[in-house]
K.L.:
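One structure coming up, written as structure tokens, with questions to follow.
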Amino acid sequence: MHGHRGDNDRDSCVDITSCIAGYRGKPVVSASTRICKGLTCILGPNGSGKTTLLKTIAGLLDPIEGAVLIDGLNMSLINVVERAKIVGIHLSQIPTLPLFKVRDVVLLGRTPRAGLFFTEEDMAYVEEAIKRTRIEDLSEAYFNQLSDGQKRRVMIAMALSRKPRVLLLDEPTSFLDPFNRRKIFEILKEVSREIPVILSTHDIDLAAIFCDTIYYIDRGVLRKMESLQELGKIYGEGDTILDPFTLKLEPVIPKSDRSIHILGGCGSGTLYLRKAGSRYSVTTGPLYPNDLDAIVLKRLGAVVITTADDDPVENAIEHIKRAELLVVIDTPDYCKPPEARLLVKEASSMGKRLVHVDPASLGIADLL
Ligand code: ADP
């Protein structure tokens, strides 16, 4: 309800002060940070402590040490109704609610703020929450008859109808299809323009696109991610990068004394690497300077030679000599500068190990 002045109209912040979260004196995760407006994502493998931390922030679990303050209020020291007014939380389970229509479920979430009876004002907040989560068309449907993606949105509406100062969600996109995952992130992004939204997730691609701040739990410690390159490390993989074209996280090409040289162009080299991967360093070129491969492979950590460089042919020959394998993707002529085509001939006469790749096998023949 825009323009309405309530007690939640200030910008709220969550202060996690030297906090150790865990069960019966046994620590699971320690954290110390301040989280304000925006979409904040917490990543980490199963069992790393994401749920434990969210429950502690919500005041459902008392910290072993330290405290969680929301707008200065200690979540362990206030009563359950006050806490419920401040925090909207959706834990990962979806309840079974037979007999309830969607609007009733959303109204249930309003309970901590309502008096003996629901007023018009309560109903207005319910309608607003329904609108923000884009479930207007479902409001008269029975909750139990909805799809999982729809139920998730209803649960978010339920958490929002009380107009919380902070919204917490534990894996709100688990078990959803890619379309519904994205929709949930879009809705939460919108909500996070007004209040802090903190969620745990395994959707690292979506987190990389949508989240303003990403944290990850590294051996029991909550750490802020400074660069997307750290993402892969969380799950024990190498460095990663967000491919600007596909918006997918791609592994960064490793640094190695051994290398392969790729001659593709028009993005075919990137697709080849995505399919085949490489344990070795990658060199490529000569390519046209504005070629898709030249741009993306450089970002992924390859040595890229373009026709704008000095002596591109000699330079490429040096790389090909050192490479263990030359991969030639048989793209149309316009994808490779004349220098590259010349090189293929030379490399064959050098006796270099060479493989030809049909672009059709990369699924891009139609695009070229
Ligand atoms: P995540 O949400 O990252 O998958 P959790 O926070 O659920 O991780 O679990 C973190 C650790 O805390 C796990 O080792 C788990 O076994 C433990 N744990 C979770 N709930 C309880 C509980 N109620 N009592 C004791 N230990 C628990």
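Just so you know, these numbers come straight off a predicted model, no measurement behind them.
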K.L.:
If you take all heavy atoms of Tyr272 and Ile262, which pair is closest and at what distance?
P.N.:
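Reported closest heavy-atom pair: CD2-CD1, 3.9 Å.
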K.L.:
Identify whether Tyr125 and Val105 are in the same connected component of the hydrophobic contact network (ILVMFWY, side-chain heavy atoms under 4.5 Å).
P.N.:
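No, it is not one cluster - the side chains of Tyr125 and Val105 are not joined through contacts under 4.5 Å.
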K.L.:
At their closest point, which heavy atom of Arg110 faces which heavy atom of Asp122, and how far apart are they?
P.N.:
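Where Arg110 meets Asp122 most closely, the heavy atoms are NE-OD1, 2.7 Å.
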K.L.:
Please answer whether the main-chain N or O of Tyr288 pairs with a side-chain N or O of Thr307 as donor and acceptor at a distance below 3.5 Å.
P.N.:
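Side chain of Thr307 to backbone of Tyr288: no pair is present.
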K.L.:
Got Val252 and Leu300 here, is their nearest side-chain heavy-atom distance under 4.5 Å?
P.N.:
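No, side chains not in contact.
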K.L.:
Quick check against the 3.5 Å criterion: does Lys352 have a side-chain atom that pairs as donor or acceptor with the backbone of Ala323?
P.N.:
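Checking the backbone N and O of Ala323 against the side chain of Lys352, a donor-acceptor pair under 3.5 Å is found.
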K.L.:
Any side-chain donor paired with an acceptor under 3.5 Å for Thr331 and Lys336?
P.N.:
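Judged by distance alone, the side chains do pair up.
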K.L.:
If two hydrophobic side chains count as joined below 4.5 Å and joins carry through other members, does Leu222 share a cluster with Leu61?
P.N.:
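In one cluster: yes.
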K.L.:
Does the pair Lys131/Glu127 count as a salt bridge with the N-to-O cut at 4.0 Å?
P.N.:
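No salt bridge links Lys131 with Glu127.
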K.L.:
Is it the case that the side chain of Thr133 and the backbone of Val154 share a donor-acceptor pair, with hydrogens and angles ignored and the cut-off at 3.5 Å?
P.N.:
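Not at all, since once roles are kept as given, no pair shorter than 3.5 Å links the two residues.
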K.L.:
If two hydrophobic side chains count as joined below 4.5 Å and joins carry through other members, does Ile320 share a cluster with Leu354?
P.N.:
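Per the 4.5 Å side-chain linkage, Ile320 and Leu354 are co-clustered.
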K.L.:
Could you name each residue pair satisfying salt bridge (Lys or Arg N to Asp or Glu O under 4.0 Å) that touches residues 304-319, not counting sequence neighbours?
P.N.:
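Every salt bridge (Lys or Arg N to Asp or Glu O under 4.0 Å) pair that includes a residue of residues 304-319, provided the two are not neighbours, is Glu318-Lys321.
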K.L.:
To the nearest 0.5 angstrom, please state how far the CG atom of Asp330 sits from the NE2 atom of His356.
P.N.:
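Going from the CG atom of Asp330 to the NE2 atom of His356 covers 5.5 Å.
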K.L.:
Check the hydrophobic clustering (I, L, V, M, F, W, Y; side-chain heavy atoms under 4.5 Å; chains of links allowed) and say if Leu108 and Val106 are grouped together.
P.N.:
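Linked, Leu108 and Val106 end up in one cluster.
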K.L.:
Can you find a pair of side-chain heavy atoms, one from Arg152 and one from His90, that are under 4.5 Å apart?
P.N.:
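Arg152 vs His90: side chains touch.
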K.L.:
Do you know which of Arg132, Arg165, Lys163, Lys37 makes salt bridge (Lys or Arg N to Asp or Glu O under 4.0 Å) with Glu194?
P.N.:
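Single pass found, and it is Arg132.
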K.L.:
Is it the case that the side chain of Asn180 and the backbone of Asp177 share a donor-acceptor pair, with hydrogens and angles ignored and the cut-off at 3.5 Å?
P.N.:
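Flag not set: sc Asn180 to bb Asp177 has no pair under 3.5 Å.
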K.L.:
Which value, rounded to the nearest 0.5 Å, describes the distance between Leu287 atom CG and Leu263 atom CG?
P.N.:
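Atom-to-atom, Leu287:CG and Leu263:CG are 7.0 Å apart.
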K.L.:
Measuring only between side-chain heavy atoms, which start at C-beta, is Leu292 closer than 4.5 Å to Thr270?
P.N.:
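Answer no - side chains too far apart.
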K.L.:
Check whether Arg162 reaches the backbone of Ala84 with its side chain - one donor and one acceptor, N or O, closer than 3.5 Å.
P.N.:
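Yes, the answer is positive, given that a donor and an acceptor are paired below the 3.5 Å cut-off.
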K.L.:
Are Leu167 and Ile135 in one and the same hydrophobic cluster, where Ile, Leu, Val, Met, Phe, Trp and Tyr link if side-chain heavy atoms are under 4.5 Å apart?
P.N.:
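No, because Leu167 and Ile135 fall into different hydrophobic clusters, even though each may have its own neighbours under 4.5 Å.
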K.L.:
Taking the side chain from Asp71 and the backbone from Cys13, do they hold a donor-acceptor pair closer than 3.5 Å?
P.N.:
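Side chain of Asp71 to backbone of Cys13, a donor-acceptor pair under 3.5 Å: yes, one is there.
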K.L.:
I'd like to know if the side chain of Thr52 pairs up with that of Tyr23 as donor and acceptor (distance under 3.5 Å, no hydrogens or angles considered).
P.N.:
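Present: a donor and an acceptor within the cut-off.
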K.L.:
Which atoms form the tightest heavy-atom contact between Ala157 and Ala129, and what is the distance?
P.N.:
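Heavy-atom minimum between the residues: O-CB, 3.4 Å.
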K.L.:
Please lay out, stage by stage, how Ile195 and Ser12 fare under the test side-chain contact (heavy atoms from CB on, under 4.5 Å).
P.N.:
CA-CA 6 Å; Ile195 57 173; Ser12 291; 5.7 Å; no
K.L.:
Looking at NZ of Lys224 and CD1 of Ile214, how far apart are the two atoms once the value is rounded to the nearest 0.5 Å?
P.N.:
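Lys224 NZ to Ile214 CD1: 11.5 Å, rounded to 0.5 Å.
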K.L.:
Glu324 vs Arg353, test: side-chain contact (heavy atoms from CB on, under 4.5 Å). Steps then yes/no.
P.N.:
CA-CA 7 Å; Glu324 303 205 357; Arg353 213 177 128 210; 5.6 Å; no
K.L.:
Taking Ser281 for its side chain and Ser256 for its backbone only, find out whether a donor-acceptor pair lies under 3.5 Å.
P.N.:
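Checking the backbone N and O of Ser256 against the side chain of Ser281, a donor-acceptor pair under 3.5 Å is found.
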K.L.:
Test salt bridge (charged side-chain N to carboxylate O under 4.0 Å, His left out) on Glu82 and Lys85; report intermediate values, then the result.
P.N.:
CA-CA 5 Å; Glu82 284 310 306; Lys85 285 183 193 169; 3.2 Å; yes
K.L.:
State, yes or no, whether a side-chain contact exists between Lys189 and Asp212 at a heavy-atom distance under 4.5 Å.
P.N.:
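Yes - at least one pair of side-chain heavy atoms lies under 4.5 Å apart.
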K.L.:
Are the side chains of Phe185 and Cys41 in touch, meaning some heavy atoms are under 4.5 Å apart?
P.N.:
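A side-chain contact under 4.5 Å exists here.
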K.L.:
Test side-chain contact (heavy atoms from CB on, under 4.5 Å) on Leu53 and Ile42; report intermediate values, then the result.
P.N.:
CA-CA 9 Å; Leu53 184 64; Ile42 301 174; 3.9 Å; yes
K.L.:
Are the side chain of Arg223 and the backbone N or O of Asp218 linked by a donor-acceptor pair below 3.5 Å?
P.N.:
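The answer is no, because no donor-acceptor pair under 3.5 Å joins these two groups.
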K.L.:
How long is the straight-line distance from OG1 of Thr283 back to NE2 of His261, given to the nearest 0.5 Å?
P.N.:
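Going from NE2 on His261 over to OG1 on Thr283, the span is 4.5 Å.
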K.L.:
Does Asn79 CG have over 12 foreign heavy atoms under 6.0 Å away?
P.N.:
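Yes, the 6.0 Å shell around CG holds more than 12 heavy atoms from other groups.
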K.L.:
Can you confirm whether Leu343 sits close enough to Pro286 that some side-chain heavy atom of one is under 4.5 Å from a side-chain heavy atom of the other?
P.N.:
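A side-chain contact under 4.5 Å exists here.
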K.L.:
Report, as yes or no, whether the 6.0 Å neighbourhood of atom CZ on Arg341 holds more than 12 heavy atoms from other residues, nucleotides or ligands.
P.N.:
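Buried by this count: over 12 neighbours within 6.0 Å.
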K.L.:
Tell me, do Ile184 and Arg181 make a side-chain contact under 4.5 Å, heavy atoms counted?
P.N.:
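No - every pair of side-chain heavy atoms lies 4.5 Å or more apart.
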K.L.:
Which pair of non-hydrogen atoms, one from Ile20 and one from Ser30, has the smallest distance, and what is that distance?
P.N.:
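Residues Ile20 and Ser30, closest heavy atoms: CG1-CB, 4.0 Å.
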K.L.:
Using modelled atom types and a 3.5 Å cut-off, is there a donor and acceptor pairing between side-chain atoms of Asn74 and backbone atoms of Leu69?
P.N.:
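Between the backbone of Leu69 and the side chain of Asn74 there is no qualifying donor-acceptor contact (under 3.5 Å).
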K.L.:
Are more than 12 heavy atoms from other residues, nucleotides or ligands located less than 6.0 Å from atom CZ of Phe179?
P.N.:
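Result for CZ/Phe179: open.
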K.L.:
For the atom pair OG1 (Thr173) and CG (Asp203), what is the distance rounded to the nearest 0.5 Å?
P.N.:
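Nearest 0.5 Å value for the OG1-CG distance: 3.5 Å.
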K.L.:
Which pair of non-hydrogen atoms, one from Asn144 and one from Leu97, has the smallest distance, and what is that distance?
P.N.:
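Residues Asn144 and Leu97, closest heavy atoms: OD1-N, 3.1 Å.
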K.L.:
Salt bridge (charged side-chain N to carboxylate O under 4.0 Å, His left out), that's the test. Do Arg103 and Glu140 meet it? Break it down for me.
P.N.:
CA-CA 7 Å; Arg103 182 174 278 106; Glu140 291 305 318; 2.4 Å; yes
K.L.:
Start with the C-alpha distance between Tyr215 and Lys50, add both sets of side-chain angles, then the distance that settles side-chain contact (heavy atoms from CB on, under 4.5 Å), and finish with yes or no.
P.N.:
CA-CA 10 Å; Tyr215 288 90; Lys50 300 180 297 296; over 6 Å; no
K.L.:
Look at atom CZ of Phe118 and say whether more than 12 heavy atoms of other residues, nucleotides or ligands are closer to it than 6.0 Å.
P.N.:
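Enclosed: over 12 neighbouring heavy atoms sit under 6.0 Å from CZ of Phe118.
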K.L.:
Checking side-chain contact (heavy atoms from CB on, under 4.5 Å) against Val355, which of Val328, Ile329, Ile260, Val327 comes through?
P.N.:
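For Val355, the side-chain contact (heavy atoms from CB on, under 4.5 Å) check succeeds only for Val327.
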K.L.:
So, taking the atom named NE2 in His319 and the one named OG in Ser259, what distance separates them when rounded to the nearest 0.5 Å?
P.N.:
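It is 8.5 Å, given to the nearest 0.5 Å.
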K.L.:
Find out whether Pro63 and Cys19 are in side-chain contact, i.e. whether some heavy atom of one side chain is under 4.5 Å from a heavy atom of the other.
P.N.:
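Yes, side chains in contact.
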K.L.:
If every non-hydrogen atom of Asn290 is compared with every non-hydrogen atom of Ile295, which pair is closest and at what distance?
P.N.:
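Minimum heavy-atom contact is O-CD1, 3.9 Å.
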